[in-house]
Amino acid sequence: MLRNILTGIALSSVVLLSSCGPKNHGEDENVFKYNEMGDVTSMDPAAARSLENIWIDNQVYNGLVEIDSTLKIRPCIAKSWEISKNGTEYTFHLRNDVYFQDDSIFPGGKGRKVNAGDFVHSFFRLFDARVSDATTLLGDVDRNFPGTFQGFSAPNDSTFTIYLKKPFAPFMNILSMKYFSVVAIEAVDKYGQDYGEHPVGTGPFKLKRWAHGQKLVLTRNANYFEKDAQGNQLPYLDGVVVSFIKDMETSFLEFVDGNYDMVSGIAAINPKEVFTSNGELRKEFKDKIYMQRIPFIKTDYLGFMIDSTRLHDKVPTTIKAIRQAINYTINRDELVRYLRYNVGIPATNGFVPPFLPGNKNSKVEGYTYNPDKTNALLAKAGFPNGKGLPEISIFIPDDFSPIAQAIQAQLQRAGMKVNIQRERPAVLAECVVSGQCYFFKKSWVGDYPDAENFLALFYSKNFSPEGVNYFHYSDPKFDSLYEHAIQEPNDSIRNSEYKTMDEMIIEAAPVVPLYYDEAIHLVNKHISGLPIDPRNYLDLRRAKKVLVE
């Protein structure tokens with residue numbers, strides 16, 4: 001039924017677009033519209049934990065630096081910088097043409113110029129766990145460094161320096177995260193804990209109105225500092241409108257009907273109706289929309305709690321040979337091809353996505369489907385052909401059921417009895433953090449494009465529940481390599497150490513990497529200039545909309 005509806009809409013798409021001119025004329029004709037199936041909870045960059053919040057914050061705020069589509073650091077408000085030889089002092093030289101958005105908090109409602117002191121205030125508030133999700137990211141800042149304010153200094157209006165206790169090689173990548181945006185301290189002082197409802201940044205758009213769960217409207221910042229190559233001021237759009245329809249089919253039909261300019265991710269579409277079997281866009285949509293696709297810094301995986309002291313009962317997955325056997329039993333190519341319509345890359349390398357900088361030419365050899373190795377490992381563990389192996393439970397979120405059932409069938413063909421335990425996301429998260437789920441489905445989205453962000457999950461000092469090592473994997477050699485690598489300024493040496501650590505994880509098998517995800521955007525053809533990057537950020541600075549007469 002849905003296919004008939006979609007096909008009918010798609011075939012009439014040209015008519016719909018050409019007839020929507022009068023409907024689009026008015027104040028929102030040059031506005032980018034999209035639907036958010038999740039929730040925007042705050043517009044305070046200190047709370048930029050979710051992708052939903054990050055997408056909005058990326059329109060409203062800027063930081064010292066940013067990351068381009070090739071995952072390289074480039075200037076933003078900081079026009080240049082130096083890092084001391086010992087790797088502990090980062091000095092940034094700021095542009096002098098960046099202003100906060102006009103707002104009533106300023107005299108006469110006119111936004112003032114940004115200065116280095118604003119970064120001191122903005123970064124200092126990230127230490128406060130009441131408002132900040134970034135407290136752990138500042139763990140290496142030397143808050144006791146002489147002559148500084150909590151490890152930050154602003155000797156003049158255009159110079160900002162950060163002092164670290166010890167070198168941390170990925171630090172510039174961390175500073176590209178939206179947490180480290182500059183905010184107007186006047187707005188923070190006025191609104192306090194409610195600042196996330198009254199944002200004042202420097203970005204290309206500013207908040208006009210926000211009805212939670214219904215609509216969020218941004219309008220063009222006429223004083224934005226960036227220009228295009230021809231000297232035209234950015235952004236080109238007059239505004240952004242975000243809707244919050246939770247039903248996927250309704251949202252997608254609105255998109256096909258031309259009421260939204262983009263949908264993102266396979267969770268926002270029915271891939272069976274939109275993609276061919278090889279992951280291409282179906283022909284009935286190609287006249288109206290185009291697809292953007294790029295590897296996403298995200299690994300979907302099955303994890304094991306391998307610390308038997310944390311479990312009430314003995315479970316077979318604490319045995320390394322069983323975990324390795326499971327890795328060789330799962331056919332990742334089939335999962336991606338048939339259940340994800342070729343969206344994603346089978347994770348046959350390491351846990352770290354192979355397309356991260358430093359990994360592209362030095363890939364880790366991971367697990368591939370190999371029944372012979374499965375049988376040999378089961379026999380080595382004392383369970384030939386699975387005989388005598390206790391039942392294994394996989395704890396999953398509801399939306400993972402189709403893939404979990406395929407994995408269950410693959411494991412059972414190898415003689416392993418498998419039970420699927422479906423849980424609500426919040427319940428599953430608590431189960432994993434507390435160590436009660438011994439075999440579970442999770443994913444890890446890289447906050448920044450450095451392998452350290454993925455390998456930190458296996459550092460023994462990050463044991464859950466305080467940290468993100470949900471597996472309680474512990475190896476002194478791994479820890480030593482990790483601690484050396486994050487202080488190593490030489491990229492080649494650091495990447496070699498990263499590779500060794502990733503190989504150690506594959507051998508110990510505390511995880512089953514399933515697939516490296518891909519960012520997918522479906523975009524109406526009247527939108528141009530919309531980039532896509534491996535972090536899946538939304539960047540509307542250079543987006544243009546062809547207005548239909």
Side-chain angles (χ1 to χ4, degrees), residues 32 40-67 74-79 92 94-107 109-126 128 131-134 154 157 160 175-210 216-227 233-235 237-242 537-543:
F32 186 90
V40 175
T41 59
S42 173
M43 291 179 66
D44 184 344
R49 186 175 183 85
S50 70
L51 197 60
E52 295 89 346
N53 286 6
I54 289 170
W55 273 27
I56 290 296
D57 289 344
N58 205 39
Q59 318 315 317
V60 177
Y61 298 101
N62 300 103
L64 293 165
V65 295
E66 60 187 18
I67 289 178
R74 67 183 179 192
C76 190
I77 294 179
K79 60 184 180 181
F92 298 89
L94 310 185
R95 298 175 61 129
N96 64 2
D97 59 350
V98 181
Y99 289 79
F100 285 113
Q101 296 152 355
D102 292 347
D103 192 273
S104 60
I105 59 170
F106 299 116
K110 185 70 174 175
R112 64 167 176 81
K113 185 184 292 187
V114 172
N115 61 62
D118 293 313
F119 279 98
V120 172
H121 290 300
S122 298
F123 283 26
F124 170 68
R125 65 190 296 266
L126 296 178
D128 187 351
V131 299
S132 170
D133 291 325
D157 283 351
F160 173 63
L175 293 179
S176 72
M177 299 169 69
K178 295 315 295 183
Y179 295 124
F180 298 93
S181 302
V182 68
V183 301
I185 192 63
E186 295 92 334
V188 173
D189 287 343
K190 178 175 181 178
Y191 298 111
Q193 296 286 330
D194 293 328
Y195 170 74
E197 305 285 323
H198 306 276
V200 181
T202 60
F205 300 95
K206 58 183 182 178
L207 179 63
K208 183 176 182 180
R209 64 177 181 273
W210 183 10
L216 190 154
V217 181
L218 305 178
T219 189
R220 183 176 186 270
N221 174 14
N223 300 317
Y224 187 58
F225 64 94
E226 284 194 283
K227 295 179 172 60
Q233 188 174 9
L234 300 175
L237 296 166
D238 292 329
V240 183
V241 174
V242 186
Y537 277 23
L538 179 65
D539 182 354
L540 296 174
R541 286 175 291 186
R542 291 172 171 80

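- Side-chain atoms of Lys113 come within 3.5 Å of backbone N or O of Asn96 as a donor-acceptor pair.
- Aromatic pair Phe119/Phe92: ring centres not closer than 6.0 Å.
- In terms of modelled atom types and a separation under 3.5 Å, the side chain of Gln101 and the main chain of Gly201 share a donor-acceptor contact.
- Partners of Asp103 by salt bridge (Lys or Arg N to Asp or Glu O under 4.0 Å), not counting sequence neighbours: none found.
- Between Arg541 and Glu66 there is a salt bridge, with a side-chain nitrogen of the basic residue lying less than 4.0 Å from a carboxylate oxygen of the acidic one.
- Taking each heavy atom of Ala134 and Ser132 in turn, the nearest pair found is N-OG, 2.9 Å.
- Tested against Val188 for a side chain to side chain contact (heavy atoms under 4.5 Å, CB included), the candidates Ile105, Asp44, Val183, Val131 yield a single pass: Val183.
- Applying the side-chain hydrogen bond (donor to acceptor under 3.5 Å, both in side chains) rule to Glu52 yields the partners Ser50; only residues at least two apart in sequence or on another chain are considered.
- Remark: Leu126 CG to Ser181 OG distance equals 9.0 Å, nearest 0.5 Å.
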Could you go step by step and tell me if Tyr224 and Asn62 meet the side chain to side chain contact (heavy atoms under 4.5 Å, CB included) rule? CA-CA 10 Å; Tyr224 187 58; Asn62 300 103; 3.4 Å; yes
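- Looking only at distances, a side-chain donor or acceptor of Arg220 sits under 3.5 Å from a matching main-chain atom of Pro235.
- When the side-chain contact (heavy atoms from CB on, under 4.5 Å) test is applied to Arg112, the partners found at least two apart in sequence or on another chain are Phe100, Phe106, Asn115, Asp118, Ile185, Glu186.
- Asp102 places no side-chain N or O within donor-acceptor distance of the main-chain N or O of Lys110, the cut-off being under 3.5 Å.
- Closest heavy-atom contact between Ala116 and Ala154: CB-CB, 3.6 Å.
- The nearest pair of heavy atoms linking Arg49 to Tyr179 is CA-OH, 3.4 Å.
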Let's go through Glu197 and Trp210 carefully: what are the C-alpha distance in whole Å and the side-chain angles of both, what is the deciding distance for side chain to side chain contact (heavy atoms under 4.5 Å, CB included) to 0.1 Å, and is it a yes or a no? CA-CA 8 Å; Glu197 305 285 323; Trp210 183 10; 4.0 Å; yes
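- Between Asn223 atom CG and Tyr99 atom OH the span is 9.0 Å, to the nearest 0.5 Å.
- How far CZ of Phe160 is from CG of Leu94: 8.5 Å, rounded to the nearest 0.5 Å.
- Residues passing the salt bridge (Lys or Arg N to Asp or Glu O under 4.0 Å) test with Asp57, sequence neighbours excluded: none.
- The main-chain N or O of Ala47 is found under 3.5 Å from a side-chain atom of Asn53 such that the two form a donor-acceptor pair.
- Lys79 and Arg95 make their closest contact through CB-CG, 4.1 Å (heavy atoms, listed as atom of the first residue, atom of the second, distance).
- Gln59 pairs by the side-chain contact (heavy atoms from CB on, under 4.5 Å) definition with Phe205, Leu218, Leu538, Leu540, not counting sequence neighbours.
- Within the 4.5 Å cutoff, no side-chain heavy atoms of Leu64 are placed close to those of Val182.
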Problem - Worked verdict on Trp55 versus Val242 for side chain to side chain contact (heavy atoms under 4.5 Å, CB included) - result: CA-CA 11 Å; Trp55 273 27; Val242 186; over 6 Å; no
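- From Lys206, atom NZ reaches atom OG1 of Thr219 across 7.0 Å, with rounding to the nearest 0.5 Å.
- Using a 4.5 Å heavy-atom cutoff, the side chains of Leu207 and Pro199 are in contact.
- Contacts of Tyr195 classified as side-chain hydrogen bond (donor to acceptor under 3.5 Å, both in side chains), with partners at least two apart in sequence or in another chain: Tyr61.
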**OP:** Go through the steps for Phe180 and Phe123 under the test ring-ring contact (aromatic ring centres under 6.0 Å, His included), then give the verdict.
**Re:** CA-CA 7 Å; Phe180 298 93; Phe123 283 26; 5.3 Å; yes
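- Nearest heavy atoms, Cys76 versus Gly63: CB-O, 3.3 Å.
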